[in-house]
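Some notes on the structure that comes next.
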Protein chains: 2
Amino acid sequence: MQNLSKMDILKSYLETKGLKSTSQRDYIADTFFKTNTHISLDELLKKVKRKTPNIGYATVYRTMKLLTECGLAIARQFGDGQTRYENLPDDGHHDHIICIKCSKICEFQNQKIEQLQAEAAKKLGFTVVNHKLELYGYCSECS
Amino acid sequence: MQNLSKMDILKSYLETKGLKSTSQRDYIADTFFKTNTHISLDELLKKVKRKTPNIGYATVYRTMKLLTECGLAIARQFGDGQTRYENLPDDGHHDHIICIKCSKICEFQNQKIEQLQAEAAKKLGFTVVNHKLELYGYCSECS
DNA sequence: TTGAAAATGAATATTATTATCATAAGCTAA
DNA sequence: TTAGCTTATGATAATAATATTCATTTTCAA
């Protein structure tokens with residue numbers, strides 16, 4: 001079992017909610033944590049079924065709902081009519097800057113921005129567990 | 001009829017596509033242009049029906065598809081299972097914070113964050129022209 | 001070990017989106 | 001203006017994804 005820290009976060013979330021740990025949940029979560037794409041429920045179910053064929057769609061659905069609730073997954077829509085789940089990268093770098101001409105993508109992280117986000121959220125009564133920041137512009141070669 | 005310039009953009013889009021101008025389309029578009037929220041099809045239909053009760057869901061649906069195609073509306077998903085249409089603000093840009101439990105959406109603006117974004121981009125040799133920032137967390141009622 | 005609480009999985013229900021089709025309305029040419 | 005063709009409309013139906021139900025199984029704390 002990889003992804004120990006993520007699994008720990010999940011376990012502690014379950015505990016605070018009075019929910020139980022099950023082999024299905026663990027296996028679905030672990031499988032998801034190993035993806036680095038935007039995976040749909042059907043795709044994840046297919047992956048999970050390779051090793052545990054009698055797992056049901058509903059369990060995958062409910063597990064992903066849990067992971068989303070505790071900030072370990074981000075549910076996104078890309079316009080194909082399906083919800084896709086994004087796994088957080090381990091190093092926490094999930095800000096992107098994308099060149100609108102050549103499509104080059106760079107990643108960056110800025111602690112100060114994250115701090116300001118948390119403050120802005122607090123003013124509105126929110127507690128941030130996750131964020132998605134995408135900048136669009138021209139890279140050095142295209143500007 | 002307000003929103004003349006947006007209406008002009010729509011009219012010229014229709015013309016280039018060989019589509020026709022109708023009173024329903026005009027009224028739906030004008031009603032949408034007057035919103036400053038993330039409106040769903042049902043909500044927009046309800047608004048439109050106040051003055052023109054015999055308008056149909058399908059016409060609203062098709063009109064919003066057109067507006068999206070020509071860039072006058074942005075179709076967004078915030079996780080409540082409904083597509084919501086964002087009217088382009090006249091006064092610029094806003095960011096979103098979304099409750100991952102109840103799907104409440106708040107908007108906020110933060111000049112300082114935008115400034116830091118520009119700085120971070122500059123370090124990577126980029127010039128920012130646009131950005132998308134979404135925070136996910138718990139609202140005051142769900143935390 | 002036991003029993004209450006929660007999870008599972010198959011199936012069903014619900015909901016939003018998209019397509020269909022008969023009729024109505026807009027547009028162009030004469 | 002009108003004839004004739006094209007597109008739009010609105011009611012409804014089809015589709016597809018998501019959410020719920022329920023009988024059974026599993027977990028976990030006492």
Side-chain angles (χ1 to χ4, degrees), chain A residues 7 10-31 38-70 73-85, chain B residues 10-31 38-70 73 75-85 100-103:
Chain A
M7 204 53 85
L10 174 58
K11 289 281 166 73
S12 100
Y13 179 76
L14 293 178
E15 205 165 337
T16 64
K17 292 278 174 181
L19 305 177
K20 289 167 181 172
S21 201
T22 68
S23 61
Q24 291 96 328
R25 248 178 210 167
D26 288 355
Y27 187 63
I28 293 165
D30 189 56
T31 302
H38 303 98
I39 199 166
S40 69
L41 281 180
D42 278 332
E43 289 162 359
L44 185 55
L45 177 64
K46 218 167 152 186
K47 266 197 174 190
V48 164
K49 269 183 178 291
R50 285 188 205 140
K51 285 213 175 169
T52 55
N54 53 348
I55 215 154
Y57 175 94
T59 302
V60 175
Y61 165 77
R62 285 178 289 221
T63 300
M64 289 316 297
K65 199 172 179 185
L66 275 176
L67 292 183
T68 302
E69 275 171 27
C70 65
I74 302 178
R76 307 204 53 166
Q77 320 278 150
F78 293 98
D80 65 345
Q82 271 191 311
T83 298
R84 292 181 169 275
Y85 295 87
Chain B
L10 175 58
K11 290 283 167 72
S12 98
Y13 179 75
L14 293 178
E15 205 166 335
T16 64
K17 290 278 176 181
L19 305 177
K20 290 167 182 174
S21 200
T22 69
S23 62
Q24 291 97 327
R25 251 178 207 167
D26 288 355
Y27 187 64
I28 293 165
D30 189 57
T31 302
H38 306 97
I39 199 165
S40 68
L41 281 180
D42 278 332
E43 289 162 358
L44 184 55
L45 177 64
K46 219 166 153 186
K47 266 198 174 188
V48 164
K49 269 183 177 291
R50 285 189 205 139
K51 285 213 174 170
T52 55
N54 53 348
I55 216 155
Y57 174 93
T59 303
V60 175
Y61 165 76
R62 285 178 290 221
T63 300
M64 289 315 297
K65 200 171 179 185
L66 275 176
L67 292 183
T68 302
E69 276 169 24
C70 65
R76 309 202 56 170
Q77 321 278 153
F78 293 100
D80 65 345
Q82 274 189 309
T83 298
R84 293 183 169 274
Y85 295 87
I100 54 185
K101 193 152 183 195
C102 74
S103 296

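Since the model is a prediction, treat every value here as computed from it, not as a measurement.
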- Item | Nucleic acid contacts of residues 40-50 of chain B, taken as heavy-atom distances under 4.0 Å to DNA chain C | none
- B:Arg25: what forms a side-chain hydrogen bond (donor to acceptor under 3.5 Å, both in side chains) with it, not counting sequence neighbours? none
- Mind checking what makes side-chain hydrogen bond (donor to acceptor under 3.5 Å, both in side chains) contact with B:Thr83, not counting sequence neighbours? B:Gln77
- Message: Could you measure the distance from the CG atom of B:Leu45 to the CD1 atom of B:Ile28? Nearest 0.5 Å is fine.
- Response: 8.0 Å
- Query: So how far is it from B:Leu41 CG to B:Ile39 CD1, rounded to the nearest 0.5 Å?
  - Reply: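 One gets 9.0 Å once the value is rounded to the nearest 0.5 Å.
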Does [X] have a side-chain nitrogen or oxygen under 4.0 Å from the phosphate oxygens OP1 or OP2 of [N]?
| X | N | value |
| --- | --- | --- |
| B:Tyr61 | C:dT18 | yes |
| B:Thr83 | C:dT17 | yes |
| B:Gln24 | D:dG10 | yes |

Results of side-chain contact (heavy atoms from CB on, under 4.5 Å) for [X] - residues two or more places apart only:
| X | result |
| --- | --- |
| A:Lys20 | none |
| B:Glu15 | none |
| B:Thr68 | B:Ala73, B:Ala75, B:Tyr85 |

Let me check something: any side-chain donor-acceptor pairs from residues 49-64 of chain B under 3.5 Å, sequence neighbours excluded? List them with distances.
| unit_1 | atom_1 | unit_2 | atom_2 | d |
| --- | --- | --- | --- | --- |
| B:Lys49 | NZ | B:Pro53 | O | 2.9 |
| B:Lys49 | NZ | B:Ile55 | O | 3.1 |
| B:Thr52 | OG1 | B:Val48 | O | 2.9 |
| B:Arg62 | NE | B:Ala58 | O | 3.3 |
| B:Thr63 | OG1 | B:Thr59 | O | 2.7 |

- Task: Apply salt bridge (Lys or Arg N to Asp or Glu O under 4.0 Å) to A:Lys11 and list each qualifying residue two or more places apart in sequence or on a separate chain.
- Result: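 Only A:Asp26 meet the salt bridge (Lys or Arg N to Asp or Glu O under 4.0 Å) criterion with A:Lys11.
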- For B:Asp80, salt bridge (Lys or Arg N to Asp or Glu O under 4.0 Å) partners two or more places apart: B:Arg84
Nucleotide N/O to protein N/O under 3.5 Å, stretch nucleotides 28-30 of chain D:
| unit_1 | atom_1 | unit_2 | atom_2 | d |
| --- | --- | --- | --- | --- |
| D:dC28 | OP1 | A:Ser21 | N | 3.4 |

Integer-rounded Å distance: [N] [atom2] and [X] [atom1]:
| X | N | atom1 | atom2 | result |
| --- | --- | --- | --- | --- |
| A:Lys17 | D:dT27 | NZ | C1' | 20 Å |
| A:Ile28 | C:dT8 | CD1 | C1' | 10 Å |
| A:Gln82 | D:dA19 | CD | P | 13 Å |
| B:Ile39 | C:dA16 | CD1 | P | 15 Å |
| B:Asn54 | C:dA25 | CG | C1' | 14 Å |
| B:Leu10 | D:dA8 | CG | P | 12 Å |

- Task: Only counting residues at least two apart or in another chain, list the ones meeting ring pair (Phe, Tyr, Trp, His ring centres under 6.0 Å) with A:His38.
- Result: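 Scan of A:His38 (ring pair (Phe, Tyr, Trp, His ring centres under 6.0 Å), adjacent residues dropped) gives A:Phe78.
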- Relative orientation of the end axes in the helix from C:dT1-D:dA30 to C:dA30-D:dT1, expressed as an angle to the nearest 10° (five pairs per end): 40°
- Message: Suppose we call a contact any N or O donor and acceptor under 3.5 Å apart; does that hold for the side chain of B:Arg25 and the base of C:dG26?
- Response: no
- Which sits closer to the 5' end of DNA chain D, B:Arg62 or B:Gly81, going by the nucleotide each is nearest to?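 Taking each residue's closest nucleotide, the earlier one in sequence belongs to B:Arg62.
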- Query: Want to settle it: does B:Ser23 or B:Tyr57 sit nearer the 5' end of DNA chain C, counting the closest nucleotide to each?
  - Reply: B:Tyr57
